[in-house]
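Note on naming: letters A, B, ... go to the chains in the order of the sequence lines (proteins, then strands), and numbering restarts at 1 for each one.
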Amino acid sequence: QVQLVQSGAEVKKPGASVRVSCKASGYTFTDYDIYWVRQVSGQGLEWMGWINPHSGNSGYAQKFQGRVTMTRETSTSTVYMEMRSLRYEDTAVYYCARGRKYDYVWGNYRYVLDYWGQGTLVTVSS
Amino acid sequence: AIQLTQSPSSLSASVGDRVTITCRASQGINSALAWYQQRPGKPPNLLIRDASRLESGVPSRFTGSGSVTDFTLTISSLQPEDFATYYCQLTNTYSLTFGGGTRLEIK
């Protein structure tokens, strides 16, 4: 069965960095992109970026460009999300999710998130 | 960038009720819409893709419909486990966009 298991909760000071891991199992790791989505308490879902575990290529939402880096370690089927220069407003639950890309019709691709990690709470507090 | 607007933002209903949630896209997206359910303290769960295609294992009381700019998620007879928050998502781009969510509460 497909599983994404994330690392545990973190408490960081403003200005620090955090790295959250996401270990995949139950499928071929390099066949699916991994996405990161965050959720501030009581608010909606915010897409942060994606990484292709096969190539290592990644893409980020403009809001996070320059402050977030996603990497992967194929030997352990693990993806990492590092965020730097943390701010109070980065306090949120961070989710990794498997991206299913499918060909809807004639090369018109679509993207959904079909399996999710359990979430990692990152608290930024002085 | 295309925006997704959900309405209502919250909704109260009773077990057995039929409810409809709406997601409107700021421009035409054909059927490139997915719906997720998120129960408190849990990650989202994919319910529907391509506006109306139910994912495996999703109860048939969930129905998605619509195209171009206007989409709906209907739950035909609410069950206790359906009280959750629902999100729509634009699926025709790898830079994902979500609607703001609709919180479905017990009346």
At a heavy-atom distance under 4.5 Å, which candidate from B:Asn92, B:Asn45, B:Thr93, B:Leu90 has the highest pair count against chain A?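 Ranked by heavy-atom pairs under 4.5 Å with chain A, first place is B:Thr93.
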
[X], part contacting chain A, at a heavy-atom distance under 4.5 Å:
| X | answer |
| --- | --- |
| B:Ala34 | side chain |
| B:Pro40 | neither |
| B:Tyr87 | side chain |

Indicate the atoms forming the closest heavy-atom contact of B:Pro44 with A:Trp116, along with that distance.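 It is O-CD1, 3.3 Å.
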
Which pair of non-hydrogen atoms, one from B:Leu96 and one from A:Tyr35, has the smallest distance, and what is that distance?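 The pair with the smallest heavy-atom distance is CD1-CD2, 3.6 Å.
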
Quick one: do [X] and [Y] end up in the same hydrophobic cluster if we chain Ile, Leu, Val, Met, Phe, Trp and Tyr together by side-chain heavy atoms under 4.5 Å apart?
| X | Y | answer |
| --- | --- | --- |
| B:Ile48 | B:Leu33 | yes |
| B:Val58 | B:Phe83 | yes |
| A:Trp47 | A:Val68 | no |
| A:Trp50 | A:Leu4 | no |
| B:Leu47 | B:Leu54 | yes |

For [X], which atoms come within 4.5 Å of any heavy atom of chain B: side chain, backbone, both, or neither?
| X | result |
| --- | --- |
| A:Tyr109 | backbone |
| A:Gln43 | backbone |
| A:Val93 | neither |

Between B:Gln38 (side chain only) and A:Gly44 (backbone N and O only), is there a donor and an acceptor less than 3.5 Å apart?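 Side chain of B:Gln38 to backbone of A:Gly44, a donor-acceptor pair under 3.5 Å: no, none is there.
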
Is a donor on one side and an acceptor on the other found under 3.5 Å between the side chain of B:Tyr36 and the backbone of A:Leu113?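 Checking the backbone N and O of A:Leu113 against the side chain of B:Tyr36, a donor-acceptor pair under 3.5 Å is found.
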
Return yes when atom [atom1] of [X] has more than 12 non-hydrogen atoms of other residues, nucleotides or ligands closer than 6.0 Å, and no otherwise.
| X | atom1 | answer |
| --- | --- | --- |
| B:Gln79 | CD | yes |
| B:Arg61 | CZ | yes |
| A:Gln62 | CD | no |
| B:Arg103 | CZ | no |
| A:Arg67 | CZ | yes |

First locate atom CG of A:Asp114, then atom CZ of B:Arg49, and finally report the distance between them rounded to the nearest 0.5 Å.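 Here the rounded value is 9.5 Å.
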
Atom OH of A:Tyr115 and atom CG of B:Leu46: how far apart are they, to the nearest 0.5 Å?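 A:Tyr115 OH to B:Leu46 CG: 10.0 Å, rounded to 0.5 Å.
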
Looking just at side-chain N and O atoms, do B:Ser31 and A:Tyr104 make a donor-acceptor pair shorter than 3.5 Å?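 Indeed, the side chains of B:Ser31 and A:Tyr104 share at least one donor-acceptor pair under 3.5 Å.
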
4.5 Å side-chain heavy-atom contact, B:Tyr94 and A:Asn52: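 No, their side chains stay 4.5 Å or more apart.
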
Answer whether the closest heavy-atom distance between the side chains of B:Asn30 and A:Arg110 falls below 4.5 Å.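 The answer is yes; the side chains approach within 4.5 Å.
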
For chain B, find which of A:Met48, A:Gln118, A:Lys101, A:Arg100 contributes the most heavy-atom pairs closer than 4.5 angstrom.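 Highest number of pairs under 4.5 Å: A:Arg100.
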
